[in-house]
Amino acid sequence: MAPGPAGLRLTRALARRFDGRSETSLDPDLRVFVSDLVRPYGLPLREDLLERGVGHSYEELAAGLLREALAEDEPADLLILAFDTPDVRPGAPSSLALSRSVPGNPLAFAVCDQGGAAAFTALRLAADHQRTGTCHRAVVVLAEQTALHYEPADPVALPERHAAVVLVCEQAPGAGLSVRQTRGVASPEEAVRAEAGELGSGAVLLLGPGFGAEQAPPAQPFTGLWAELAERLPRWRADGRPVLVAGYDRRLGVLSTLALP
């Protein structure tokens, strides 16, 4: 008998917050990079941050977590780095640098400029890649650091501490994770609760920023939702409960959900 369909399942997750700074925050090329980035928009640099060397590179934040998450005999086929706050490592993509911390020499790239939706996009792309038949293990790295080296045109929520989350997804028989991303949803809360109902009465709903009344910015606006998932997932899995993770980026008007059957 032919084997049934297989999907990509989230099998483990690690999260950690960090203090300190990275030496790359004092790299002169960082000033050049940020200057080129903001010049078309007339935004001023944060000279105080550039002079003090504030910020942390995503390669340094996530490399140790990756070595904890994957053993040497667990090669990955794909690594995706997702972030919102810009990195402080100029001159080379951190996604490629991080691939050296993962066995298997995986294909690596980054997703950014999507606000909180970037994490969901990374997982959606990983699931799409698994369906090509060339990806049996994918690693999604989510990272944020506290320094924005220019004055934004509008207020933005910055994290209180540097943080990284590693999500390991592996091919397994049966239904895998699924991601939905939609714009222009009239009532995100109602849409999310309806989707949670599709998973069954025992489903767990985990809501990220953006839902309900306006509140104070979260301490970790990009990684906080996923750190909470990493903490609670083992218990939910032990209970056999499906999980729906939801985030709503108000600025972009994008509703994202991740279903873990």
Side-chain angles (χ1 to χ4, degrees), residues 7-15 58-59 61-62 65-66 69 76-87 93-96 98-99 102 106-132 134-135 137-145 156-157 159 163-171 175-185 188 191-192 195-196 205-211 218 220-230 233 243-261:
L8 198 65
R9 298 182 68 87
L10 176 59
T11 57
R12 70 197 89 158
L14 297 176
Y58 292 150
E59 177 189 3
L61 289 179
L65 274 182
L66 285 169
D77 304 294
L78 177 67
L79 183 146
I80 306 177
L81 169 65
F83 58 92
D84 186 20
T85 309
D87 200 353
S94 289
S95 55
L96 298 182
L98 282 170
S99 69
V102 175
L107 171 69
F109 59 90
V111 176
C112 60
D113 295 328
Q114 295 190 13
F120 293 90
T121 299
L123 288 162
R124 176 170 56 81
L125 293 173
D128 289 345
H129 197 62
Q130 181 271 332
R131 284 190 284 271
T132 68
T134 61
C135 179
R137 182 178 289 113
V139 183
V140 173
V141 178
L142 313 175
E144 61 184 341
Q145 57 91 21
V156 296
V165 178
V166 170
L167 307 175
V168 179
C169 304
E170 298 173 295
Q171 181 172 287
L177 64 86
S178 63
V179 176
R180 297 180 185 176
Q181 293 183 288
T182 53
R183 291 181 180 270
V185 178
V192 165
E195 187 173 347
L205 177 57
L206 183 59
L207 293 177
F211 294 97
Q220 304 296 140
F222 187 72
T223 62
L225 171 66
W226 305 97
E228 186 175 357
L229 176 64
L233 186 63
V243 179
L244 185 72
V245 184
Y248 181 57
D249 192 300
R250 289 179 175 271
R251 182 171 57 88
L252 300 178
V254 176
L255 173 64
S256 302
T257 59
L258 165 68
L260 303 173

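We count residues from 1, following the sequence as given. Just so you know, these numbers use all the heavy atoms, side chains as well, and skip hydrogens, waters and symmetry mates.
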Is there a side-chain contact between Asp77 and His129 in this structure, where contact means two heavy atoms from C-beta onward sitting under 4.5 Å apart? no
Which heavy-atom pair separates Ala15 from Val165 by the least distance, and what is that distance? CB-CG2, 3.8 Å
Answer yes or no: is there a side-chain heavy-atom contact under 4.5 Å between Gln181 and Val179? yes
Taking Arg9 for the side chain and Pro261 for the main chain, is one N or O donor matched with an acceptor at less than 3.5 Å? yes
Shortest non-hydrogen separation from Leu65 to Ala164 and the atoms involved: CD1-O, 3.5 Å
Is the side chain of Arg183 donor-acceptor paired with the backbone N or O of Leu252 at a distance under 3.5 Å, no angle test? yes
Supply the atom-to-atom distance Asp87 CG to Cys112 SG, rounded to the nearest 0.5 angstrom. 10.0 Å
Heavy-atom nearest pair, Thr85 first then Pro159, reads OG1-CD, 4.1 Å
Any side-chain heavy atom of Phe120 within less than 4.5 Å of one from Val254? no
Assess whether side-chain contact (heavy atoms from CB on, under 4.5 Å) is satisfied between Val192 and Phe211, documenting all intermediate values. CA-CA 10 Å; Val192 165; Phe211 294 97; 3.8 Å; yes
Taking all non-hydrogen atoms of both residues into account, name the closest pair between Ala82 and Ala122 and its distance. CB-CB, 4.1 Å
Non-hydrogen atoms of Phe83 and Ala118 that approach each other most closely: O-CB, 4.2 Å
From Phe109 atom CZ to Leu96 atom CG, the distance as rounded to the nearest 0.5 Å: 11.0 Å
Crowded around Asp128 CG? As in, over 12 foreign heavy atoms under 6.0 Å? yes
Do the side chains of Leu107 and Thr134 get nearer than 4.5 Å, heavy atoms only? no
Separation between OG1 (Thr223) and CD (Glu228), nearest 0.5 Å, reads 11.5 Å
Taking the side chain as every heavy atom from C-beta outward, state whether Cys169 and Leu177 have any atom pair closer than 4.5 Å. yes
In Å, rounded to the nearest 0.5 Å, how long is the span from OG of Ser178 to CG of Leu8? 11.5 Å
Quick one, Phe222 and Leu142 - any side-chain contact, counting heavy atoms below 4.5 Å? yes
For Tyr58 and Glu144, which heavy atoms make the closest approach, and how far apart are they? OH-CA, 3.4 Å
How many angstroms lie between atom CG of Asp84 and atom CD of Gln114, to the nearest 0.5 angstrom? 10.0 Å
Can you tell me which residue among Leu125, Leu98, Val141 is in a side chain to side chain contact (heavy atoms under 4.5 Å, CB included) with Ile80? Leu125
For the atom pair OG1 (Thr182) and CG (Leu255), what is the distance rounded to the nearest 0.5 Å? 4.5 Å
Find out whether Pro106 and Val139 are in side-chain contact, i.e. whether some heavy atom of one side chain is under 4.5 Å from a heavy atom of the other. no
Are any of the side-chain heavy atoms of Leu260 and Leu233 separated by less than 4.5 Å? yes
If we ignore hydrogens and angles and just use 3.5 Å, is the side chain of Asp249 paired with the main-chain N or O of Gly116 as donor and acceptor? yes
Strictly distance-based, threshold 3.5 Å: is any side-chain N or O of Arg250 a donor or acceptor partner for the main-chain N or O of Gly210? yes
